[in-house]
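So you know, we letter chains A, B, ... as the sequences are listed, proteins then strands, and number each from 1. When reading the values below, keep in mind they use all heavy atoms of this one structure, side chains included, and skip hydrogens, waters and symmetry mates.
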Amino acid sequence: MAKRIIIVGGGTGGTMTANILASKLDSEIRNGQVTITLLSDSPVHVYQPAFLYLAFDRFYEDEFTRSERDLLRPEIDFVVDKTTGIDFKSCFVQGASGKKYQYDYLVLSTGSYPDPSAIPGLEKGGDWFYTQEGAKKLAKKIASFEKGRILLSVGVPHKCPVAPLEVIFMLNDYFKAKGIRKNIELYYTYPIARLHALEPVANWAVGMFEKEGIKSETFFNMESVDPEKKTLSTLEGSEVPYDLLIAIPPHKGADIIVDSGLSKSGWIPTDKQTLKVTGYDNVYALGDGTDLPISKAGSTAHFEADVVAENLTSEIKSGYPAHFYDGRVLCFIETGLHEGTYVWFSYTTPPNPAPPSKLIHWMKLSFNRIYWMAARGLM
Amino acid sequence: MGEIKADKTIDARGSYCPGPLMELIKNVKSANVGEILEVLSSDEGSTKDIPEWVDKVGHENLGTVNHGDYSSIFVKKVK
């Protein structure tokens, strides 16, 4: 009987894993020894990093969405069916359709989701660009904002950890280009004692903030928002008034992770090297949904997809996993509308950002367009 | 210092981003009042910035144990 691989999640991690696997197990699939099924609750694949640009009307829906079926190799069985349960003992995934999907190997790439409801008042009093609808709504507000304070606040945990800095630099350039920067106070805040989690990035940002007149407050963790008074209060006792609040809501894992009894926190307990789910030898996890202490970012899922696909391949071909994730992450950082930099790091190698340049900005813009090749497992 | 028994251990060794303090902030939220969290960190800065944040928000610092190439920082959620 064929070995059945079920992948849950049609985002970056699930799609890349499916395509890389289909390539590596080509002969086994042709011989009927392996099947690959990808389950997603949506027929559409969304390139989420585009939301940052959508907030500035620099990326549009027809550019950042594709048919998931079209991104997957034809030998992958793609099913639109929301996962409503997972039985790890009997090895099946329960779909909302009523269908059960038996597996020999399971891959969880179930993602993370902004949860503004976690902060009282935030849904009414704040805006965010971490969802498609949120970014579209925010774009209108940015386009009509003429005067006052824009407060940027950051919830924990959140995906795309460089986005808070990127959006503040893009706002700075946007209002400079519009000729009204002098009427606008940009007020950046961050949960820990510096401007960014990555120390070299934080140190570099200090100089940029001084040069560009961006105000900041650290040790700033949202406790509640008063939408009537337009103030944000923090766990640390600060209260800051705002005219426009751009928040990065704290994120949560997929509901199915809690509902299936896998974890109470919503994050998938995952081995940091093998990417196996703790306690289950035939289940792997990758992407934003893991509990690994690393960045929730597309590049993380990209590097992890290689490891998961390689390990499943070696399990099927050799009988054991033989590949290990080294914690590798690579993030482009927009330092405005015209320049950018990047960092890469791993469990053992600290980041060292390159000087910002137009070339790196163009590389990021290029990657935004060639992402579809990466999703297809071609790069 | 005497041995402290943690209710949860957060292994943030090798975490450059989001880093040990952000991992603690995430876990404090879901912890119950009275629980003790232990953060394992290989970042020397954690022994300073974690206690500083814990003081600022009013939780309790229970101490730090140096293991050579990493530290254990113990925090009690008190509210």
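- The most heavy-atom pairs under 4.5 Å with chain B, out of A:Pro351, A:Pro350, A:Pro191, come from A:Pro350.
- Chain A forms more heavy-atom pairs under 4.5 Å with one residue of B:Ala12, B:Gly19, B:Pro18 than with any other, namely B:Pro18.
- Ranking A:Pro293, A:Ala197, A:Gly327 against chain B, the residue ahead of the rest is A:Pro293, based on heavy-atom pairs under 4.5 Å.
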Geometric donor-acceptor pairs, no angle filter, chain A-chain B, under 3.5 Å:
unit_1   : atom_1 : unit_2  : atom_2 : d
A:Val156 : O      : B:Lys29 : NZ     : 2.5
A:Glu236 : OE2    : B:Trp53 : NE1    : 2.8
A:Lys272 : NZ     : B:Arg13 : O      : 3.1
A:Pro293 : O      : B:Ser15 : OG     : 2.6
A:Ser295 : N      : B:Cys17 : O      : 2.9
A:Ser295 : OG     : B:Cys17 : O      : 3.1

